[in-house]
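Being a predicted model, the structure only gives us computed values, none of them experimental.
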Amino acid sequence: MYLDDGFGTHSDINSCTDIAAQVKQDLIDSGFVPKVEKSMWSPSKTLIYLGYFIDTDKAILSIPVDRLSKLFDTIIQVEQSLRNLGKVYVRTVASVIGQIISMSYVIGNVAYIMTKYLSIDVMSACSWKSYIELSVQSKEQLIFWKKNIKCINFKHFVSDFSCHTIVYSDASGTGYGGFTVENPKNIAHEVEWIPRAENEIADYISRIIDTDDWGVAVHVFEYLDSLWGPHEIDWFASDHNHRLPVFRNDITELPNDLDSYLAIIPDLLAQSKSDNTVKKYYYGFLRWKKWAEINHISDVDILPTKPLYLALYLASLVQFSATSSPVCDAFYSIKWAHSIIGADSPTDSQLVKCVFEGAKRKLGSQIKKKEPITPELLQAMYDKLFCVENLFSQRTICACILGYAGFMRVSELLNLRYFDINFKSSHISIFIEKSKTDIYRDGSWLIIAKTGTTLCPVRNLELYMQWSGIQSDSNLYLFRNLSQLPGSIKEEKSHIACPICRQTVVVPEENVSPQDWAAQFPLNFLISGLMETQKVQRSNKLCMMCERLGAETMSKASYFCVECSDTLCDTCTKYHNSVKFQTKHEVKTIGAFSSEDLTANAFKNSCADHKNKSLELYCEDHEEPCCSMCVSIQHRKCDKVLSIVDAAKGFRSSQNAVLVKNDLENILKDSEAIIIYNKDHLKEIEAQHKDEQQKLEQICKDLISTVNTLERQRKDELSKTYSENKDKIEQVICIFEGCKHSVENEKAILEVCFDKASETQAMIEVNKIRKQIKQHKVLLEENMNYRRKYAMHVQVTDLPNVLLSNLQNALQVKCNVSECELKINSASVYSFNRFKSLGTNDSYWHMGDYKLTFQASSNISFFGILSYGPKTELEYEVKICLNYNNATLAKICKILKKEDAKEEIIKVKFDKPINLKAFTYYEVVINRTPSGIFHYGEEEQLTAESHGVTFTFQHGYIKGRGQIPGFLFLA
């Protein structure tokens with residue numbers, strides 16, 4: 001058994017000595033052995049105990065010098081690593097934090113406050129064996145501790161917290177203030193937070209000065225006054241910024257020039273809160289207005305209203321509500337309506353407040369808190385859903401783990417795009433464009449570290465993005481609807497696409513007949529009709545019904561049914577006519593039917609929506625064939641519905657047929673061109689693969705050769721160092737072996753003299769030997785090398801790891817994707833210019849947004865915009881957004897270069913086309929940084945027609961010239 005540390009105190013030194021002796025004796029009597037080197041039984045006023053220096057004479061605690069020295073050494077080690085490598089071992093930073101926090105009992109809460117950023121950097125590390133880069137704030141905290149740790153290294157045993165005077169104070173973003181209740185006398189500071197409602201005076205004092213109340217500087221005013229003075233009155237000034245004795249901070253009448261700005265104020269008031277909040281409050285106010293009108297409250301008392309009316313309205317809601325939600329909506333909606341008009345709100349009345357609180361108490365119900373999500377639940381979900389290359393399951397896993405790790409709302413998750421995510425070696429950075437708490441939409445970055453487990457959010461997100469096959473710089477949403485296409489997800493049964501209609505077909509089981517395979521495909525009425533026509537027109541006309549029944553003997557056909565398009569024998573004709581619904585079919589003899597009878601009935605199609613109905617009608621408004629059921633349900637409001645026979649007259653020679661035929665030919669040519677291009681490109685990348693593989697092999701050979709050369713050099717240096725040290729040691733051995741032999745001889749001579757020589761002879765030899773001893777001592781002093789100990793080793797720092805990391809970053813496999821010009825006839829994208837002429841003057845455009853609102857006369861596919869190019873050699877980054885009703889439909893970033901412009905115009909395409917509706921206004925926003933010299937269009941047209949589509953424009957922010965000359969679209 002061992003006893004840990006302990007100490008005792010007493011106010012009297014003699015009593016303390018006696019008690020110490022008694023405790024020591026008690027321990028010995030109990031069988032314990034006090035450790036002498038760690039025990040101190042004599043009373044002392046100073047003591048180092050558990051890492052703290054205790055001074056009872058001064059009544060203070062402090063940190064010992066050795067702990068401070070260790071902290072300084074660790075901080076210096078961090079700084080040296082940052083200077084040499086630019087990063088530092090995470091354990092070293094954690095050691096600094098731990099040492100500082102262990103001193104918190106003496107130095108106070110500043111230990112936690114001034115290590116916050118250091119702790120954040122440590123938490124961003126993926127493991128304890130990694131390196132991290134320190135932020136600017138963390139470096140400042142290290143400097144703080146180096147400068148100030150000695151200044152705050154003390155703590156008094158006792159503090160006087162007696163309070164003689166109470167001081168109330170408050171601070172805001174614009175100032176601070178305070179006041180005392182009694183005359184100041186022996187004030188002791190003890191901070192205590194109280195609500196603003198109980199500290200109104202100090203709160204008011206802290207907000208007296210308006211920091212946004214700008215004024216003219218004194219030297220500027222004096223200069224203006226010397227030019228156009230003397231001035232008499234200082235308009236729009238206050239008590240804090242006026243420059244003349246007479247000043248005025250408001251005006252009684254609004255000048256006519258300011259009337260145009262009044263229309264902007266309602267929009268700004270509506271945008272003072274989020275759209276959903278404003279909408280909620282607006283409809284809440286409308287419900288109050290309707291109630292007031294029903295109960296004959298005058299319009300004057302609706303807004304602003306009286307507290308009594310509002311209290312009655314809340315009381316009426318209580319009678320018809322099951323929860324307090326309608327009452328809360330009404331209360332805050334009316335408060336909002338009064339705030340935007342600058343009127344005193346009746347919600348501040350004590351009457352209304354009491355009624356509101358009573359309503360909440362009466363209608364309130366117990367809050368049932370949801371069970372928290374735990375790592376165990378996430379692990380169970382992961383084990384059940386995870387499947388390699390299953391994008392559906394991985395999407396669910398990724399969303400749950402990301403939301404859990406980043407404390408993200410569903411709205412934040414669903415608005416994430418691929419380019420909002422940056423992958424780092426130890427973590428990911430996610431840009432949250434907008435959030436419920438980000439009222440000004442400044443955006444914020446979210447850091448999520450790697451964990452190295454199956455639930456690692458970074459690893460699961462990498463798998464999801466890898467399986468989706470979308471580039472990391474895409475503007476597509478991260479979590480979006482997925483289509484279950486053949487081959488995209490592993491299923492129990494495989495699927496293929498029909499080569500004609502592309503409809504999904506389930507592959508049957510193995511070892512099936514061709515007929516079973518064919519039965520899986522959807523019926524093609526055109527091919528079926530052609531096959532039936534071929535059978536009817538053959539020279540040896542057999543009964544088609546006997547063929548279908550598989551009769552052993554095929555009978556010769558004698559008749560032909562026009563409706564069924566079947567040739568029939570005598571027997572089958574009797575059975576055919578005996579069927580009730582076939583009695584009205586027109587049956588002709590083989591010699592009497594014509595090719596028109598065959599053509600009119602052989603190609604009958606069934607309706608896709610109504611299987612038992614034939615396509616007999618044609619809707620010209622929608623340009624699609626339909627059955628009688630479709631006409632009565634879906635096309636009853638259409639003006640032009642014809643029989644399919646009348647609509648098809650002369651169709652072969654019509655323009656639509658010719659256009660379809662031409663489009664098919666163009667698509668065929670384009671497909672062949674794309675195939676040829678990609679086959680050639682495949683050969684190119686095969687050659688590139690071989691070249692790059694040889695290049696990689698050569699680089700690795702060079703690296704290996706360099707390492708081998710380094711090995712030989714270091715071995716030579718090691719051998720040289722060994723030889724030098726060996727020679728030094730052997731020289732010392734040789735010197736002192738000679739010294740040893742001399743001493744042994746002198747010792748033998750001395751013994752012989754003492755035994756056999758005379759006293760005189762002994763004295764003479766001793767004198768000689770004494771001189772020799774002096775020489776031996778001189779030899780010992782001169783040859784200090786005998787004290788040295790050589791320890792040879794190859795110094796290995798973290799440099800190999802750094803070199804390996806740099807080598808991995810320097811040697812990476814990448815594939816650059818670029819757009820190539822390939823002329824396509826069938827999918828050409830149209831473009832146009834909405835300016836009559838191109839401006840020739842250099843124009844300086846400030847950094848910011850240029851917006852253009854437009855609509856099209858028909859539905860179009862929107863591919864991108866045309867942008868004027870720069871006039872200088874600088875590169876400019878543009879961000880282009882397509883918006884509709886404050887929602888972003890598409891977004892892309894692109895670098896504009898002068899050499900990319902053709903006739904001073906650059907095409908900027910989105911990742912995929914966006915379908916736009918006719919006669920609907922959309923907004924295109926382009927943001928360019930930095931500012932510079934660009935081409936601009938002038939003499940803007942309000943309408944432009946291109947390829948049958950008329951575009952109507954509204955002016956952007958910059959009138960008279962524009963950045964967007966036209967669009968890329970397909971009608």
Quiz item: Out of curiosity, Leu866 CG to Tyr868 OH, how far, rounded to the nearest 0.5 Å?
Solution: 9.0 Å
Quiz item: Are a donor atom and an acceptor atom from the side chains of Asp348 and Ser345 found within less than 3.5 Å of each other?
Solution: no
Quiz item: Do Leu312 and Asn295 come close enough that some side-chain heavy atom pair is under 4.5 Å?
Solution: no
Quiz item: What is the ring orientation for Tyr922 with Phe854, classed by angle as parallel under 30°, tilted 30 to 60°, or perpendicular over 60°?
Solution: tilted
Quiz prompt | Glu357 and Lys360 ion-paired at < 4.0 Å | solution = yes
Self-check item: Glu222/Arg243 salt bridge by N-O under 4.0 Å criterion
Solution: no
Quiz prompt | Heavy atoms of other groups near Phe431 CZ, more than 12 under 6.0 Å | solution = yes
Quiz item: Is any side-chain heavy atom of His338 less than 4.5 Å from a side-chain heavy atom of Pro346?
Solution: yes
Practice problem: State, with a plain yes or no, whether a side-chain heavy atom of Val925 is found less than 4.5 Å away from one of Ile880. | Solution: no
Quiz item: Would Thr920 and Gln855 count as having a side-chain donor-acceptor pair, cut-off 3.5 Å?
Solution: no
Quiz prompt | Donor-acceptor under 3.5 Å (Ser138 side chain, Tyr117 main chain) | solution = yes
Self-check item: For the student: nearest non-hydrogen atoms of Asn883 and Cys881, plus distance
Solution: OD1-CB, 3.8 Å
Quiz item: Can you name the nearest heavy-atom pair linking Val327 to Ala359, along with the distance?
Solution: CG1-CB, 3.8 Å
Quiz item: Just wondering, are more than 12 heavy atoms of other shown residues or ligands nearer than 6.0 Å to CD in Glu133?
Solution: no
Quiz prompt | Neighbour count >12 (heavy atoms, 6.0 Å) for atom OH, Tyr283 | solution = no
Quiz item: How about Trp228: does its CH2 atom have over 12 heavy atoms from other parts shown lying under 6.0 Å from it?
Solution: no
Quiz prompt | Heavy-atom closest contact (Val908 atom, Leu968 atom, distance) | solution = O-CD1, 4.2 Å
Quiz item: Once you round to the nearest 0.5 Å, how far does CE of Met123 lie from CD1 of Ile447?
Solution: 13.0 Å
Quiz item: Can you check whether Asn415 reaches Glu433 side chain to side chain, under 4.5 Å on heavy atoms?
Solution: no
Exercise. Working to the nearest 0.5 Å, report the span between CD of Glu412 and CD1 of Ile432.
Key: 5.5 Å
Self-check item: Residue pair Lys879 / Ile926, side-chain heavy-atom distance below 4.5 Å
Solution: no
Quiz item: For the residue pair Phe951 and Phe953, does the interplanar ring angle fall in the parallel (under 30°), tilted (30 to 60°) or perpendicular (over 60°) class?
Solution: parallel
Practice problem: Take Phe919 and Thr952 through the side chain to side chain contact (heavy atoms under 4.5 Å, CB included) test and state the conclusion after the steps. | Solution: CA-CA 9 Å; Phe919 301 107; Thr952 305; over 6 Å; no
Practice problem: Give, for atom OG of Ser119 and atom OH of Tyr112, the distance between the pair rounded to the nearest 0.5 Å. | Solution: 10.5 Å
Practice problem: Indicate the atoms forming the closest heavy-atom contact of Ala330 with Leu314, along with that distance. | Solution: CB-CD2, 4.1 Å
Quiz prompt | Asn927 side chain to Val878 backbone, donor-acceptor under 3.5 Å | solution = no
Quiz item: Can we call the ring centroids of Phe862 and Phe967 under 6.0 Å apart?
Solution: yes
Quiz item: Can you list the steps and then say if Phe331 with Val352 is a side chain to side chain contact (heavy atoms under 4.5 Å, CB included)?
Solution: CA-CA 9 Å; Phe331 182 89; Val352 176; 3.8 Å; yes
Quiz item: Would the number of heavy atoms belonging to other residues, nucleotides or ligands and lying under 6.0 Å from NZ of Lys335 be above 12?
Solution: no
Quiz item: Run the side chain to side chain contact (heavy atoms under 4.5 Å, CB included) check on Ile895 and Asp900 step by step: do they pass?
Solution: CA-CA 10 Å; Ile895 301 297; Asp900 294 339; over 6 Å; no
Exercise. Decide yes or no for Trp336 and Val278: does some side-chain heavy atom of the first lie under 4.5 Å from some side-chain heavy atom of the second?
Key: yes
Exercise. Ignoring hydrogens and angles, tell me if any N or O in the side chain of Asp301 forms a donor-acceptor pair with the backbone of Lys306 under 3.5 Å.
Key: no
Quiz item: Which pair of non-hydrogen atoms, one from Ile100 and one from Ala111, has the smallest distance, and what is that distance?
Solution: O-CB, 3.7 Å
Quiz item: So, do Tyr313 and Trp288 have ring centers that fall under 6.0 Å from each other?
Solution: yes
Quiz prompt | Distance (rounded to the nearest 0.5 Å) between Phe356 CZ and Ser349 OG | solution = 13.5 Å
Quiz item: Under 6.0 Å between the ring centres of Phe154 and His156?
Solution: yes
Quiz item: Where do Leu916 and Leu882 land on the side chain to side chain contact (heavy atoms under 4.5 Å, CB included) test, with the steps shown first?
Solution: CA-CA 11 Å; Leu916 304 186; Leu882 176 66; 4.0 Å; yes
Quiz item: Which distance, rounded to the nearest 0.5 Å, do you find between the CD of Glu877 and the NZ of Lys894?
Solution: 12.0 Å
Quiz prompt | Side chain proximity check, Met408 to Leu446, heavy atoms < 4.5 angstrom | solution = yes
Exercise. Sequence neighbours left out, what passes side-chain contact (heavy atoms from CB on, under 4.5 Å) with Val110? Give chain and number order.
Key: Ile107, Met114, Phe144, Trp145, Ile152
Quiz item: Between Glu875 and Lys898, is a salt bridge (charged side-chain N to carboxylate O under 4.0 Å, His left out) present by the stated rule, with each step listed?
Solution: CA-CA 8 Å; Glu875 296 181 0; Lys898 183 179 180 180; over 6 Å; no
Practice problem: Return the minimal non-hydrogen interatomic distance between Lys139 and Leu82, and the atom names on each side. | Solution: CE-CD1, 4.2 Å
Quiz prompt | Min side-chain heavy-atom separation Asp329-Phe285 under 4.5 Å | solution = no
